[in-house]
Student: 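Sharing a structure, written as structure tokens. Questions coming.
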Amino acid sequence: MSVDSKIKERVEELKKIIQEHNYNYYILDNPTIPDSEYDRLFRELQTVEAQHPELKTPDSPTQRVGALPQTAFKTVSHIIPMLSLNNAFTDEELEAFDRRIHEKLQSQETIEYVCEPKLDGLAISILYENGILVRGATRGDGSTGEDITQNIKTIKNVPLKLRGDFPSTLEIRGEVFLPKAGFNALNAAAKKLGTKQFANPRNAAAGSVRQLDSRITAQRPLAFYCYDIGKGDETVSTSSHSKDLEKIKTWGIPTVPLLSVVQGYQGCLEYYKQIQIQRNQLPFEIDGVVYKVNQKVLQEQLGFISRAPRWAIAHKFPAQEELTIIRDVEFQVGRTGALTPVARLEPVAVGGVTVSNATLHNMDEIERKDIRIGDTVIVRRAGDVIPEVMSVIKERRPHDTKPIVLPSKCPVCQSAVVRIEGEAVARCTGGLFCPAQRKETIKHFASRQAMDIEGLGNKLAEQLIDSGLVQHVDDLYKLTLDPLANLERFAEKSAQNLLDALEKSKSTTLPRFLLALGIREVGEATALALTKHFTALEPIMEASEEALQEVPDVGPVVAKHIIAFFKEPHNQRVIRSLLDAGIHWPAIKKTDPSKLSLSGEIVVLTGTLQSMSRDEAKKELVALGAKVSGSVSPNTTLVIEGAEAGSKLNKAQALGIKVIDEDAFLKLIKREHSL
Ligand code: I6G
């Protein structure tokens, strides 16, 4: 064989190997080689192609790096118009959709629906000719869109070449989006560079896909999921939408996850509730779910109404963002003295709840978003998160808006406010002289994760400080019946209940006690790590910075906070007083790392966990002594199965590897944490 044909053969081989690994990684979620090996193969292909540009083909995996900037996008006519979906905002609207279908079909039979999450991204079309990606286009007005081929080719999970038994012409439709992690990373990088941050993942995805310089798009961690076939030859279509999606997957194209086939609109409603629960845990943003009549014959009978299919509907979640006006801004003082600007809003219903306050985080954020009193703003309330002001609608700014000024004195205790150079947070210097800080300290001390003092909520903590009955946390254990019963809206019974709860709280655990002390940057995980490492309070109080930094989770900043806290004579006095009051915890034995419940185990996670992200699960596993691996091999000793587990589960079962579900995993974590 000549040198040239040898090189050509190697290029073909490399392309094939890399394409296979892309498929394993992006479609099967089952990488079979380490990243370093993949990178080596990729670099080899890049090098050979650079030396022999004539061997570079449009389907080469190296073609994802972006091409030279364009001056404008070309216009593309869609072969079949890209339609939109009708929306349902209530259960009744969904029921009406199902009723219309029955009427149109003149049938009483229960309809089978395919349910999918509705990704909050951008609809696109991708065209393959003879299995090679030749064109990517935006939806545009539905008839014509923009040619964004170069940008689509940079998206890592979009195959440049199809596999299996694909049709000669295939046009697919789907959604381009930025996973939450990618969005956060992008905004964190922008913040560091001082460049503009994106308001939400959808805007970030839209901005990235419509870049004239595809080298910029290539740096954005975009992803794609296909939801439908646009056009293919006659070999493409099956008898149902769910079978179509199965077929699409065999060509190496990623489809929308968490798909479910259900019966009737009741089945759709159950799916909706299920996805709503999972929503915050999902790795991508969704704004609702989509239901489609599964059987193609029925879809054909139903047809279209104006520009939307009669056989599909998007069931939207209540809006998480609304417009309102900032009437005023006040500064709240937290436990550590941090001043948080809070916007007082014209009350507005967001996702079914009236919102009148929203956090503005800190002065840097106010400056970055250019927020003024009187501005019309977008407020967002997602899940349990505190509502926040996302951005200002500048076009609606009246001429008489007022700037937001950081007060020079604490609004509660009048002590000086300082802002340390380089820190975003401004703080009241009043310390425990400041009633606001003392109230927050009591609330934190009594909270469920800390001393768990039942009945001692926000209101009572404020009453106790305002009445002077309590100054510091140790005063709680000196409370007696009479003065308590004299508090407003407090009777003898509730006073006795509080005393009982205080007595009960004396029997605690060391991590809870450490958390309750309110040391800066010491949360639940750090309190637990400190306990595991030192096994008693005294060595923690006396530890040097170096000794503290040996604890996993403790870096130089946290170590400094811990030292400063225990050095303070006032804190030492409060701790002594708490221990004298009878607070105690069981003695802790030093954990031998080989005795951790998963020590020596090689664990693989598969599917979506409902209660935590993959990163959190990995941390928990490491804390349990396990090694975490990305793929199942004969060395794997345990697989944790989440929802929609894929091929890793099949492989584990084939290899006879132990599989546990999320509940069993949570029990393991709980046992380890029950110090
Ligand atoms: O915009 C869309 C999002 C998701 C869709 C869609 C979809 O299915 C999961 N399906 C169709 C048929 C259309 N738009 C037109």
Side-chain angles (χ1 to χ4, degrees), residues 78-89 94 97 100-101 111-126 136-145 148 152 157-158 170-179 201-202 205-206 209 222-232 236-238 240-249 253-262 267-268 271-272 274-276 278-279 282 284-317 644:
H78 295 300
I79 309 170
I80 298 174
M82 284 187 80
L83 305 170
S84 52
L85 286 178
N86 285 326
N87 291 322
F89 292 98
L94 177 66
F97 161 76
R100 283 195 301 275
I101 287 179
I111 304 286
E112 185 171 86
Y113 290 105
V114 179
C115 312
E116 298 167 51
K118 189 170 188 312
L119 288 142
D120 201 6
L122 212 75
I124 60 156
S125 133
I126 306 179
T138 60
R139 186 207 312 248
D141 64 5
S143 309
T144 52
I148 49 165
I152 296 305
N157 72 339
V158 171
L170 175 71
E171 191 229 343
I172 55 164
R173 273 105 194 253
E175 206 91 7
V176 175
F177 62 98
L178 254 181
R202 204 197 115 77
V209 156
L222 292 164
F224 168 79
Y225 282 134
C226 169
Y227 58 67
D228 210 355
I229 296 174
K231 175 163 171 52
V236 173
S237 209
T238 69
S240 70
H241 179 58
S242 53
K243 283 189 190 142
D244 271 6
L245 291 170
E246 281 308 312
K247 211 163 178 187
I248 291 170
K249 267 198 251 183
I253 299 167
T255 56
V256 180
L258 301 168
L259 175 134
S260 181
V261 178
V262 305
C268 293
Y271 179 83
Y272 179 86
Q274 209 46 48
I275 295 291
Q276 215 172 13
Q278 292 179 36
R279 183 181 188 182
L282 295 179
F284 41 76
E285 292 281 359
I286 58 172
D287 59 358
V289 296
V290 177
Y291 314 118
K292 290 178 182 168
V293 172
N294 196 15
Q295 301 307 325
K296 292 286 194 59
V297 273
L298 300 185
Q299 288 190 0
E300 272 156 33
Q301 285 176 46
L302 287 162
F304 300 86
I305 183 159
S306 64
R307 303 194 57 75
R310 264 202 201 89
W311 41 264
I313 198 157
H315 192 178
K316 292 295 201 74
F317 293 138
E644 296 268 314

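Since we're looking at a predicted model, the values are computed, not measured. FYI, side chains are in, hydrogens and waters are out, and symmetry mates aren't considered; it's all heavy atoms of this structure. All ligand and atom numbering here is 1-based and tracks the order in the structure.
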Student: Give the contacting part of Gln299 toward ligand 1: side chain, backbone, both or neither, where contact means a heavy-atom distance below 4.0 Å.
Tutor: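 The answer is neither.
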
Student: Would Phe224 and Ile172 satisfy side chain to side chain contact (heavy atoms under 4.5 Å, CB included), going step by step from the backbone distance to the final call?
Tutor: CA-CA 11 Å; Phe224 168 79; Ile172 55 164; 3.9 Å; yes

Student: For Cys115 and Val289: C-alpha separation, side-chain torsions, deciding distance, then whether side chain to side chain contact (heavy atoms under 4.5 Å, CB included) applies.
Tutor: CA-CA 7 Å; Cys115 312; Val289 296; 5.7 Å; no

Student: For atom 9 (C) of ligand 1, find the nearest protein heavy atom and state the residue, atom name and distance (0.1 Å precision).
Tutor: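 Its nearest protein heavy-atom neighbour is Glu116 OE1, 3.1 Å.
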
Student: For Thr138 versus Ile124, what's the shortest heavy-atom pair and its separation?
Tutor: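 Closest pair (atom of Thr138, atom of Ile124, distance): CA-CG2, 4.3 Å.
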
Student: Taking a cutoff of less than 4.0 Å between a non-hydrogen atom of the residue and any ligand atom, is Leu85 in contact with ligand 1?
Tutor: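 Under 4.0 Å: yes for Leu85.
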
Student: Which atoms of ligand 1 are found less than 4.0 Å from any heavy atom of Arg139?
Tutor: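 That gives atoms 1 (O) of ligand 1.
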
Student: Is the number of heavy atoms from other residues, nucleotides or ligands under 6.0 Å of Lys249 NZ greater than 12?
Tutor: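 It does not: Lys249 NZ has 12 such atoms or fewer within range.
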
Student: Name the closest protein heavy atom to atom 4 (C) of ligand 1, giving the residue it belongs to and the distance to 0.1 Å.
Tutor: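 Protein heavy atom at minimum distance: Tyr227 CD2, 3.5 Å.
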
Student: May I ask whether Arg173 places a heavy atom under 4.0 Å from ligand 1?
Tutor: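 Under 4.0 Å: no for Arg173.
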
Student: Return the closest protein heavy atom for atom 15 (C) of ligand 1 as residue, atom name and distance.
Tutor: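 Ranking protein heavy atoms by distance from atom 15 (C) of ligand 1, first comes Leu83 O, 3.4 Å.
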
Student: Is a salt bridge present between Lys296 and Asp244, judged by a nitrogen-to-oxygen distance below 4.0 Å?
Tutor: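 Looking at Asp244 together with Lys296, the answer is yes, because their closest N to O distance falls below 4.0 Å.
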
Student: Where does Lys292 meet ligand 1, judged by heavy-atom distances below 4.0 Å: at the side chain, the backbone, both, or neither?
Tutor: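 The part of Lys292 near ligand 1 is the side chain, not the backbone.
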
Student: Just to verify, which of Glu112, Glu116, Gln295, Gln299 counts as forming a side-chain hydrogen bond (donor to acceptor under 3.5 Å, both in side chains) with His241?
Tutor: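 Answer after filtering Glu112, Glu116, Gln295, Gln299: Glu116.
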
